[in-house]
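Computed from heavy atoms alone, side chains included, the values below leave out hydrogens, waters and symmetry copies. In listed order, ligands and their atoms are each counted from 1.
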Amino acid sequence: MQANIVTIPGDGIGVEVVAEGVKVLKAVAEKYGHMFTFENYLIGGCAIDATGEPLPAVTLDACRQADAVLMGAVGGPKWSDPSAKVRPEQGLLAIRKELGLYANLRPVQIFPQLRDASPLRPERLEGVDLVVVRELTGGIYFGERKEATGEDLSAYDTMVYSAPEIERIARRAFELARLRRNKVTSVDKANVLACSRLWRKTVVKVAGDYPDVELDHMLVDAAAMHLMRRPSDFDIILTGNMFGDILTDEASQLAGSMGMLASASLGEGKAGLYEPIHGSAPDITGMGIANPLATILSVGLLLRYSLGLGEEANAVEKAVADTLEAGYRTKDIYTEGAKLVNTEEMGTVVVGKL
Ligand code: IPM
Ligand code: MG
């Protein structure tokens with residue numbers, strides 16, 4: 001098949017990991033006889049430096065035309081002055097919103113080879129296989145806000161959710177549950193937040209159309225705890241924008257590292273945006289030690305969801321598993337006796353396994 005893939009590496013290690021993702025995509029194209037074309041654009045801090053804007057119109061246009069977008073990460077100390085008018089993260093939020101990518105899927109897959117890289121006891125990780133379905137274009141990230149400016153030392157952010165917004169993400173979660181273990185845990189803060197009470201009510205209503213799927217509700221604080229105590233009980237975690245952000249960083253520790261979790265951001269069509277859940281990691285930028293596997297696994301999701309290439313997606317995931325099985329580790333997942341490799345070497349080994 002032919003596909004037009006836009007890459008937006010962004011800042012920091014985003015550039016390093018996206019390079020490895022592209023390497024894997026090229027290897028897939030060659031092995032399976034596909035024709036992928038790549039176009040590279042700016043987003044985030046590097047875009048601010050070049051154009052003054054975190055999401056230049058040319059980047060957005062290219063992403064709109066693309067069959068799929070592969071992203072790295074945005075942000076860094078250079079652009080994090082609290083009084084700055086534009087921030088790299090605005091570019092990321094804007095692209096999600098503009099492309100209508102309201103459904104963010106973050107699979108938490110445990111490679112048994114990495115059980116020792118997790119801070120949890122290995123027996124706790126037995127049977128862990130969950131997907132966080134995070135609402136991505138609403139909630140407190142997008143509500144009205146006011147910065148504390150001048151004399152007025154007060155600021156606010158607003159969390160807003162409408163029933164249709166909740167309904168469409170809930171449907172995504174229930175549909176996905178049907179392809180898995182038929183269980184949805186909806187996470188909210190309904191004991192305090194009005195948004196969460198609407199969330200719960202709406203999810204219950206949607207659940208009526210999925211009698212074959214078991215639904216339970218959990219408050220977000222309890223969910224944070226149970227993710228550590230009994231992570232294997234979860235199948236689908238359905239939650240709002242900010243709770244999903246927080247819980248997926250936490251959940252990454254089940255997989256051993258932030259460098260292991262991939263994500264797919266989807267809207268109504270087939271096109272989507274794929275990115276590792278980790279950030280731009282300024283502390284290790286340029287050292288060549290970042291773990292590219294989250295990005296490579298995101299490439300797997302891209303092949304599956306946007307290009308409909310399930311076999312190729314499986315092959316990428318298998319290549320990652322084989323790489324880990326052969327003992328290759330970047331620094332973040334290194335344990336004694338393993339073969340320590342850098343970012344580029346890790347990508348090359350995965351390509352070799354493929
Ligand atoms: C993520 C990131 C982003 C988010 C930041 C960079 C705005 O943490 O994708 O998880 O909060 O959504
Ligand atoms: Mg995050």
Side-chain angles (χ1 to χ4, degrees), residues 8-15 17-18 21 42-48 53-55 59 63 69-82 84 86-108 130-143 145 147 157 159 161 165 169 187 220 223-224 227 237-255 257-267 272-285 290-291 294-295 297-298 301-302 332:
I8 42 174
D11 307 315
I13 62 165
V15 179
V17 295
V18 166
L42 299 176
I43 190 169
C46 61
I48 294 175
E53 288 173 47
L55 178 62
T59 300
C63 292
V69 179
L70 182 64
M71 209 197 79
V74 295
K78 184 173 174 196
W79 308 282
S80 38
D81 173 0
V86 282
R87 304 177 59 86
E89 291 77 8
Q90 290 165 345
L92 179 54
L93 299 197
I95 199 168
R96 290 169 174 171
K97 188 78 167 182
E98 291 292 329
L99 299 180
L101 306 173
Y102 64 86
N104 184 221
L105 313 186
R106 299 188 159 188
V108 182
L130 63 96
V131 179
V132 177
V133 176
R134 170 188 177 194
E135 200 290 325
L136 201 60
T137 54
I140 197 163
Y141 276 45
F142 291 94
R145 62 170 50 97
E147 303 284 340
D157 299 274
M159 188 187 287
Y161 268 121
E165 277 179 307
I169 189 71
V187 171
V220 63
L227 258 179
I237 293 178
L238 161 65
T239 193
N241 206 341
M242 186 163 70
F243 298 157
D245 177 45
I246 297 166
L247 292 178
T248 47
D249 268 30
E250 187 192 12
S252 74
Q253 292 309 300
L254 303 167
S257 167
M258 287 272 281
M260 292 303 299
L261 287 210
S263 85
S265 303
L266 306 169
L273 182 146
Y274 300 83
E275 53 170 320
I277 77 145
H278 63 69
S280 59
D283 52 325
I284 59 162
T285 295
N291 184 349
T295 304
L297 291 168
S298 300
L301 298 177
L302 181 159
D332 56 313

- Query: Got a sec: is Asp249 within less than 2.8 Å of the Mg ion (ligand 2) via an N/O/S atom?
  - Reply: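 False for Asp249.
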
Nearest neighbour in protein (non-hydrogen) for [atom]:
atom                    : value
atom 11 (O) of ligand 1 : Tyr141 OH, 2.6 Å
atom 1 (C) of ligand 1  : Arg106 NH2, 3.4 Å
atom 5 (C) of ligand 1  : Leu92 CD2, 4.2 Å

Can you tell me if [X] uses its side chain to pair, donor with acceptor, with the backbone of [Y] under 3.5 Å?
X      : Y      : value
Arg134 : Thr239 : no
Ser280 : Gly75  : yes
Thr295 : Gly21  : no

- Task: Kindly confirm or rule out an N or O of Glu89 lying under 3.5 angstrom from an N or O of ligand 1.
- Result: no

Looking at ligand 1, is there an atom of it that comes within less than 4.0 Å of some heavy atom belonging to [X]?
X      : answer
Asp245 : yes
His278 : no
Arg96  : yes

- Message: Apply side-chain hydrogen bond (donor to acceptor under 3.5 Å, both in side chains) to residues Thr248 and Arg106 and explain how you reach the verdict.
- Response: CA-CA 7 Å; Thr248 47; Arg106 299 188 159 188; 2.9 Å; yes

- Heteroatom of Asp245 nearest to the Mg ion (ligand 2) (N, O or S, atom name):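 When I compare the N, O and S atoms of Asp245, OD1 is nearest to the Mg ion (ligand 2).
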
- Quick one: does Ile237's side chain get under 4.5 Å of Leu227's, heavy atoms only? yes

- Sub-4.5 Å side-chain heavy-atom contact between Asp157 and Tyr141: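 Not touching, per the 4.5 Å side-chain cut-off.
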
- Query: Can you list the atoms of ligand 1 that are under 4.0 Å from a heavy atom of Arg134?
  - Reply: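 What qualifies from ligand 1 is 1 (C), 4 (C), 9 (O), 10 (O), 11 (O), 12 (O).
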
- Message: Take a 6.0 Å sphere around CD of Glu98 and say whether it holds more than 12 heavy atoms from other residues, nucleotides or ligands.
- Response: yes

- Query: Between the side chains of Asp332 and Ser257, is a donor N or O closer than 3.5 angstrom to an acceptor N or O?
  - Reply: yes

- Item | Region of Arg87 engaging ligand 1 - heavy atom pairs below 4.0 Å | neither

